[in-house]
Structure formats: C-alpha cells, structure tokens
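Presented below is the structure to which this report refers.
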Amino acid sequence: MPELPEVETTRRSLEPALLARRIDRVIVRDRRLRWPVPHELEARMTGAVIHSTSRRAKYLLIDTDRGHAIVHLGMSGSLRVVARDAAPRPHDHIDVLLDDGVVLRFHDPRRFGSWHWIEGDPSTHPLLAALAPEPLTAAFDAAYLHRVTRGRSAAIKQVLMNGNLVTGVGNIYASEALHLAAIHPRTKAQRVSLERCARLAHAVKETLARAIEAGGSTLRDYVDGHGNPGAAQQAHAVYERAGEACPRCGGIVKGFRQGQRSTYYCPGCQR
DNA sequence: CCTCCCCCCTGCGCGC
DNA sequence: TGCGCGCAGGGGGGAG
C-alpha cells in the first residue's frame, strides 16, 4: 500500500496509542509474510515497554526497552489500533496486545509486508544497513543525487525507485516528482545535470512532504492507524491520469510501462 | 558492479 | 452473472 508518506502518516497516527504501553501478548496468526515471522517474536516482544516509534525509508519501527520491531507494509499492509474485543478478519496476521486493552493489528492481504525484531542498533539490521539517506533530510540533496547517478545508464525513474540510491520514493511519487521537476522519466540518470538534480531532489522532498501533510495519498485501500482513509485525498498531477490535461502546461498526460511498473508523464513539459 | 526481469500474493475492475 | 485477464503502493534475488 504505502510509500513513505503513508508509512509516516501511519506512524504518527499510531504513536499516541503506543507510547509507554507495555506489551502483554503477541499473537501471530500467519507467519508467511515476505520473510517468515521469526518464531521468537512473541517471546521477545512480550513484556517490552514501547518508548517511541520511528521510521527508516518505508520501514516503521516500534522501539521498546528490549529491542525494535521493524515492520514493512509491503503493497497491501496496514497497521491499526483496535479494541481487544474486535474480532480478527481475514489477513489480520499479527496482534500486539497492549496493557490498556488496545490491540495493534497488522493486516496484509498480499503478504508482501514483513515483521522483524532486532535487539541493538536497528540501523545495523541487514534490511536497513544499505539504505540511501532519508529523502527529507539535508543529506539528500543535489550533490548527492548527482553523485549517485553518475555512470548510470538506467532511466532516472528506475533510479528514483532503487532504495539503495533514493529511499521512500515508490511508483506513484516517482512519476509525481519527475513531473514536478519537469524531467522525462526515461532520461538516462547519468544525463541529468547537476542543475536538474537540484530540481529533482527538491521535487522529491516537496512531493513527499505535501503527501504527508495531506495525511497520506490517494491509495485505493490505504487507511491510517485508526482506519481512516488518506485525508485531503491529494490529487496526483499525472499518476493514473493518462488522457487528462497536464495541470502545468495543458499537455495530454501519457502512461507507459517501465520495468513492469506503470509510469505517467506529460510529454509537453517533461524533457 | 549494473541492468533487466521475475517473482512472491490476494483482490478488484474490466471486457466478453 | 460468471469468468479470465491484467494490474495494483515493494523490493529481494538471480541471470547476463
């Protein structure tokens, strides 16, 4: 389901319900996620006290006095807080029962999500160690983007979606950021100048920040931690808008397939 | 090392 | 109405 803005929105909406709560019990109904849920998860998490939540790329972290849960929502995952007597529905794979009667519930029909546990520094976890800088920090800037795109013949859109080069930008926001930066998605990454890298880095930040402000984007089955759909329902400029007029230049938005994913752009203003 | 392609999985909308 | 197909927000992994 989520790109970075949806994960961040989920994290923010869940955090008040989690802070200072002790974990009474963990129920795993289906361990068959992207990676099998570790068998020791229940024992490790039970009794832990949550002191914060955080996010790295599209991973949501639940930080406790005993270790960190590292949760990925994949394509269709969601985390919600529900009452203890709320009956589990299909695809509700994991429940974390808190000491005030609230349950943190992980739901993921496609099971592309994952749930790991690490004791010690979570940034050393194999899934997190090689990730690119956070896109909303100063470390992600024109110089960084220019440096990592040198010598790369892949299309700039593919590079935006490579988590070891740029994190948090998924299929929707890659198209949106390239539109905002007026760069054609098929441009070879190595041909994007420093000046255009500056525009693109800014566009990535702007696109993600706006989507976070809007409370998560318009995703067909996205809900925040309380089951509410993405608020403000921000309109995408190009994503899934083939045939419509570009809001900037009035050109007709086109869609095509790029590496098994759909890409949308405006041939009128993206070069 | 880089690029390309496949795959994991379920659900939904569409055309017939 | 039912069925088959294509597609959906991610990202690891292997072949070349």
Side-chain angles (χ1 to χ4, degrees), chain A residues 1-11 29-37 55-60 70-79 89-94 106-116 125-132 135 147-178 185-191 204 207-208 210-212 214-224 229-230 233-236 238-243 255-264:
Chain A
M1 148 220 345
E3 299 191 28
L4 184 151
E6 290 72 34
V7 178
E8 180 62 19
T9 300
T10 295
R11 188 194 69 76
R29 297 189 188 81
D30 195 337
R31 315 194 86 89
R32 300 171 303 161
L33 302 184
R34 174 68 197 265
W35 290 278
V37 177
R55 180 188 55 72
R56 177 72 175 99
K58 296 173 190 168
Y59 292 92
L60 193 154
I70 302 174
V71 181
H72 198 290
L73 300 176
M75 291 277 256
S76 59
S78 58
L79 276 172
R89 296 184 300 175
H91 312 302
D92 284 344
H93 305 310
I94 300 178
F106 177 80
H107 174 87
D108 186 7
R110 294 176 72 180
R111 291 187 277 114
F112 288 175
S114 62
W115 195 305
H116 287 85
H125 191 280
L127 289 173
L128 307 187
L131 291 174
R147 176 163 53 81
V148 300
T149 49
R150 293 313 88 185
R152 293 205 178 249
S153 61
I156 187 64
K157 194 230 181 189
Q158 314 269 79
V159 167
L160 281 184
M161 293 178 62
N162 179 337
N164 296 129
L165 303 177
V166 180
T167 67
V169 179
N171 199 43
I172 294 177
Y173 298 117
S175 282
E176 292 296 309
L178 286 165
R186 257 194 291 246
T187 308
K188 288 183 188 304
Q190 61 197 351
R191 294 192 51 245
V204 165
T207 306
L208 296 178
R210 275 189 208 159
I212 292 170
S217 188
T218 311
L219 302 182
R220 54 198 105 242
D221 56 4
Y222 172 72
V223 291
D224 72 10
Q233 296 289 301
Q234 94 161 9
H236 303 128
V238 290
Y239 187 77
E240 287 190 332
R241 289 190 179 275
F256 69 101
R257 291 238 123 208
Q258 202 173 15
Q260 288 85 242
R261 312 303 285 271
S262 55
T263 299
Y264 298 87

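Chain letters run A, B, ... following the sequence lines, proteins first, then strands; residues in each count from 1. All values below come from the heavy atoms of this structure, side chains included, with hydrogens, waters and symmetry mates left out. Just so you know, these numbers come straight off a predicted model, no measurement behind them.
- If you take NE2 on His107(A) and CG on Leu79(A), they are separated by 11.0 Å, rounding to the nearest 0.5 Å.
- Per the geometry, CG belonging to Asp108(A) stands 16 Å off P belonging to dC8(B), to the nearest Å.
- As rounded to whole Å, 13 Å separates atom C1' of dC12(B) from atom CD of Glu240(A).
- An OP1 or OP2 oxygen of dC9(B) is reached within less than 4.0 angstrom by no side-chain nitrogen or oxygen of Ser76(A).
- Going from atom NE2 of His93(A) over to atom CZ of Arg111(A) covers 6.0 Å, rounded to the nearest 0.5 Å.
- In plain terms, the two heavy atoms of Phe106(A) and Ser114(A) that are nearest each other are CZ-N, 4.4 Å.
- Side-chain N/O atoms of His91(A) include none lying less than 4.0 angstrom from OP1 or OP2 on dC9(B).
- A pairwise comparison of heavy atoms in Ser175(A) and Lys157(A) identifies OG-CE, 4.1 Å as the closest pair.
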Using Watson-Crick and G-U wobble pairs whose two distances are both under 3.5 Å, how do you write the pairing of DNA chain C as dot-bracket, with | for links to another strand?
.|||||||.|||||||

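- For the pair Asn162(A) CG and dC1(B) P, the computed distance is 13 Å after rounding to whole Å.
- The nearest heavy atom of DNA chain B to Gly259(A) and to Arg110(A) marks one nucleotide each, and the one closer to the 5' end goes with Gly259(A).
- In this structure, the CZ atom of Arg111(A) is 6 Å from the P atom of dC9(B), given to the nearest Å.
- By the 30° and 60° cut-offs, the orientation of the rings of Tyr239(A) relative to Tyr264(A) is perpendicular.
- Here the CZ-CG distance, from Arg56(A) to Leu4(A), works out to 10.0 Å after rounding to the nearest 0.5 Å.
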Protein-to-nucleotide contact annotation, 5' to 3' order, nucleotides 11-16 of chain C [B base; S sugar-phosphate only; - none; under 4.0 Å, heavy atom]:
BB----

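- The nearest whole Å value for the distance from the CD atom in Gln190(A) to the P atom in dT3(B) is 8 Å.
- The separation between Phe112(A) atom CZ and dT10(B) atom P is 9 Å, rounded to whole Å.
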One pair to check against side chain to side chain contact (heavy atoms under 4.5 Å, CB included): His125(A) and Tyr59(A). What are the steps and the verdict?
CA-CA 12 Å; His125(A) 191 280; Tyr59(A) 292 92; over 6 Å; no

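- Remark: side-chain polar atoms of Arg150(A) are paired, donor with acceptor, to backbone N or O of Gln190(A) under 3.5 angstrom.
- Within 4.0 Å of Gly170(A), counting heavy atoms only, lie sugar-phosphate atoms of the nucleic acid but no base atom.
- Other residues, nucleotides and ligands contribute more than 12 heavy atoms inside 6.0 Å of the CZ atom of Arg29(A).
- Distances were taken from every side-chain heavy atom of Gln260(A) (C-beta onward) to each of dC4(B), dC9(B), dC5(B); the shortest belongs to dC5(B).
- Between Arg152(A) and dC2(B) there is a side-chain N or O to OP1 or OP2 distance below 4.0 Å.
- Listed nucleotides dG11(B), dT3(B), dC4(B) differ in distance to Gln158(A); the shortest reach to its side chain belongs to dC4(B).
- Taking atom CZ of Arg31(A) as the reference point, atom P of dC8(B) lies 22 Å away to the nearest angstrom.
- In this structure, His107(A) atom NE2 and dT10(B) atom P are separated by 13 Å, rounded to whole Å.
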